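Have a look at the structure below before the remarks.
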Amino acid sequence: MFRRGLNICKNNNGFEIESHYDRILHSCTSLAFLSQIHSILTTTGIIKHSVHLNARVIIKYSDFLHLQSARFVFNATDHESSSFLWNTMLRAYANSGFCSEALEFYSLMRKTGIRPNNYTFPFALKSCADNLLPTYGKLLHSEIIRTGFGSDIYVEAALIDMYAGCDFIQDGRKVFDKMSYRDLVCWTSMITAYEQSEQAETALHLLHQMQQESFCLDWVTAVTVASAIGQLGDARRAQSVHGYAIRHAFFQDLPVVNSILSMYAKCGEVEKAEIIFHQTKQRNTITWNSMLTCYSQNGQASEALALFEQMKISDVNPNQVTALIVVSSCSYLGSQQLATKIHDFIIQNKIETNLTLWNAIMDMYAKCADLDTALRMFQEVPLSHLDVTSWNTLISGYGMHGYGKEALKLFNNMITHGFQPNHVTFTSILSACSHSGLIEEGRNCFSEMEKLCVKKEPKHFACMVDMLGRGGFLDEAYELIKNMSSEPNDEVWGALLLACKIYGNATLGKVAADNLFHLEPQHTGYYVLMSNIYATSRNWQEVGKLRQDMKNKGLRKPAGVSLIEFDNKLHGFHTGEEFNSFTREIYEKVERMVVEIKMVGYVPDLSCVFHDVEEEDKHGMLSYHGEKLALAFGLMNVSDTGLAIRITKNLRVCSDCHLAFKLVSRVYGRKIIVRDVNRFHHFEDGFCSCNDYW
DNA sequence: CTAGGGTTAG
């Protein structure tokens, strides 16, 4: 009935039929419905008479990523005569990301003798950018000039995008400069090109020029500008973009909200990002991910994980990006229970795990003291599918746990299997050697760097200085620094300073410290280290001087926090935690703990106390160290004695706590795993896996 | 009758 009615109509007025179906196709939202319409159009023969409807069906199929059906429609048409349907098919390929198909199709078009026009080139160019084919793009450029379309504004804009996409910003700029007329889109394209290649200042400079030519930003430009300012981390200019967006009512557009949210995140303005996040009622996955990133990038990993719990019960679905952020937050916190939970979530929600995410999960397990799982994941992937990051992750994981020999084996395996190591590989292997005291092996690796074509960077020297310094080769370490080809940085001097602390070498320590105070005057850790060196030699005068120096500069010792997982939650303990009903019990436990380990020979190591306070106060301050509170909490709550008590600390564990933990592990018969900023310590029966070498 | 610039992660 339906069909006959249409046929009657068609006989009366063919044009009306066409626009009728055009409307139906336009509002078509499912592939099944589209196929139905398509078959009606074919059997009635309506489609034969309308080039326009053919084009509409092709585009519609490509919207559903059914390029085969689209191509089928194209092939059935009489397309020899004009370039219109060719352009449509090319558009279908290009806009759906089928870049190589698009380019193949373009060359077929040329071979068939169809002349490209101003509509053809933008689509062909787009496929070069997405496909990173600068050579082909340049070829097209000369063809564009030859065929006389070089000053079509759409073609020029596409050229700029193509060059930008292929990382040839300068060639894009040449096109831009030659344009006789530019509209807002061209300006935005050029500005985006600079922003994407991390030339934020140039991007903003161009924006300024654009405004002088009386163009106003639209919401797309605003997004790009927000991104550029985020790159610079300029909180003042961030505020002004925010204001501009509000004044021009761009805040209706979610992409603008998201880009401003992440701009604030990159400027370290967590509170402002939070306000925007809470004000936004219609959030999408990007909104959530931006806020998660904000927390994770600003050192608030626990907040990120808490937000993730909220996201789970929201109506928005986490994706691969979400997984990456959450996984890296968990790596930072080092909680094994959470690691398993997050991994399960990824599997249950069928989040596609590419190699990047796979490596991140491996890293999470390694940093949550579950090396076995990390290794299993590594072995699950065929060798040919692994990348350098996979190897680096495992090498550094083994290194952190003090398995230097295994790390070296992995490193050698990697070379044997023909993988090209990079700068991260050497940082990992050198620090692995350092943690295990494998000095000779470390020296060998270091000297092999040139042969393996990896440039020696300051951080590699820092690893070497750390390794030699811990091993007691202070002079060799200092010589290495003096012979560096580039200027030694704070990491290098920091490693030397640490070694001087271990060996109580105040003279060399002062050399390192003076360099550090010059390079990083705001970094409190170095003042603390140097004054610890003075404190060890009871040079209270110098300790006082340094402390006054810090006071004058308004510096404070960073707050140490120790995290312990219990009941699927993380509990944080700060040094000098306030006394309340909850902590009272814990303090009492610490007191009992100290009494018990004193019976097996514990003598508090007072050198860890920074301030030169009265001796009896010092005892008090030591027992209030966050890691001791966390340990007491663990002893009270982790009732399964076969289970290790796991603690993560944001600073280095101090030597007093290290000693206390060893003794607690013996007296209480408990395994304790501590991750500090540098490495893992596995305490068991009075010993630590680091062999007191850390 | 067909075209272009955009947000998160790494």
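Note: hydrogens, waters and symmetry copies are ignored here, and every other heavy atom, side chains too, is used. A, B, ... follow the sequence lines: proteins, then strands. Residue 1 opens every chain. Predicted, not measured: the structure shown is a model, and the values here were computed from it.
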Please tabulate the protein-to-nucleotide N/O contacts below 3.5 Å involving nucleotides 8-10 of chain B, giving atom names and distances.
unit_1, atom_1, unit_2, atom_2, d
B:dT8, O2, A:N289, ND2, 2.8

Set of ring pair (Phe, Tyr, Trp, His ring centres under 6.0 Å) partners for A:F308, sequence neighbours left out
A:F345
When the distance from [atom1] of [X] to [atom2] of [N] is rounded to whole Å, what number comes out?
X      : N     : atom1 : atom2 : result
A:H242 : B:dT7 : NE2   : C1'   : 15 Å
A:I153 : B:dA3 : CD1   : P     : 17 Å
A:M263 : B:dG6 : CE    : P     : 18 Å
A:D161 : B:dG6 : CG    : C1'   : 11 Å
A:D22  : B:dT2 : CG    : C1'   : 12 Å
A:L254 : B:dG6 : CG    : C1'   : 12 Å
A:I191 : B:dG4 : CD1   : C1'   : 15 Å
A:F176 : B:dG5 : CZ    : C1'   : 12 Å

Between A:Q231 and B:dT7, is there a contact of a side-chain N or O with OP1 or OP2 at under 4.0 Å?
no
Compare side-chain N and O positions of A:R56 against OP1 and OP2 of B:dC1 and report whether any pair is under 4.0 Å apart.
no
Between the base of B:dG5 and the side chain of A:D218, is there any donor-acceptor pair under 3.5 Å?
yes
Quick one: does A:T188 reach the base of B:dG5 with a side-chain donor-acceptor pair under 3.5 Å?
yes
Using a 4.0 Å heavy-atom cut-off, does [X] contact any base of the nucleic acid, only the sugar-phosphate backbone, or nothing at all?
X      : answer
A:L184 : base
A:D183 : base
A:W219 : base
A:F123 : sugar-phosphate
A:D152 : base
A:N118 : base
A:V223 : sugar-phosphate

Please list all pairs meeting side chain to side chain donor-acceptor pair (under 3.5 Å) that have one or both residues in residues 341-351 of chain A, counting only residues at least two apart or in different chains.
A:H343-A:Y365
For A:Q300, give me all partners under side-chain contact (heavy atoms from CB on, under 4.5 Å), at least two apart in sequence or on another chain.
A:V270, A:Y295, A:E303
Can A:Y154 be classed as stacking with the base of B:dG4, given a centroid separation cut-off of 5.5 Å and a plane angle cut-off of 30°?
no
When you look at A:T322 and A:N289, which way does the side-chain hydrogen bond (donor to acceptor under 3.5 Å, both in side chains) test go after all the steps?
CA-CA 6 Å; A:T322 320; A:N289 288 351; 2.7 Å; yes
ring-ring contact (aromatic ring centres under 6.0 Å, His included) pairs, two or more places apart, involving residues 53-73 of chain A:
A:H38-A:Y61
Please assess A:T188 against A:T221 for the test side-chain hydrogen bond (donor to acceptor under 3.5 Å, both in side chains), listing each intermediate value before the final yes or no.
CA-CA 6 Å; A:T188 311; A:T221 325; 3.3 Å; yes
Evaluate side-chain hydrogen bond (donor to acceptor under 3.5 Å, both in side chains) for A:E198 paired with A:Q231, printing each intermediate quantity in order.
CA-CA 7 Å; A:E198 287 172 6; A:Q231 262 178 45; 5.8 Å; no
Salt bridge (charged side-chain N to carboxylate O under 4.0 Å, His left out) contacts in which one or both residues fall within residues 87-108 of chain A, not counting sequence neighbours
none
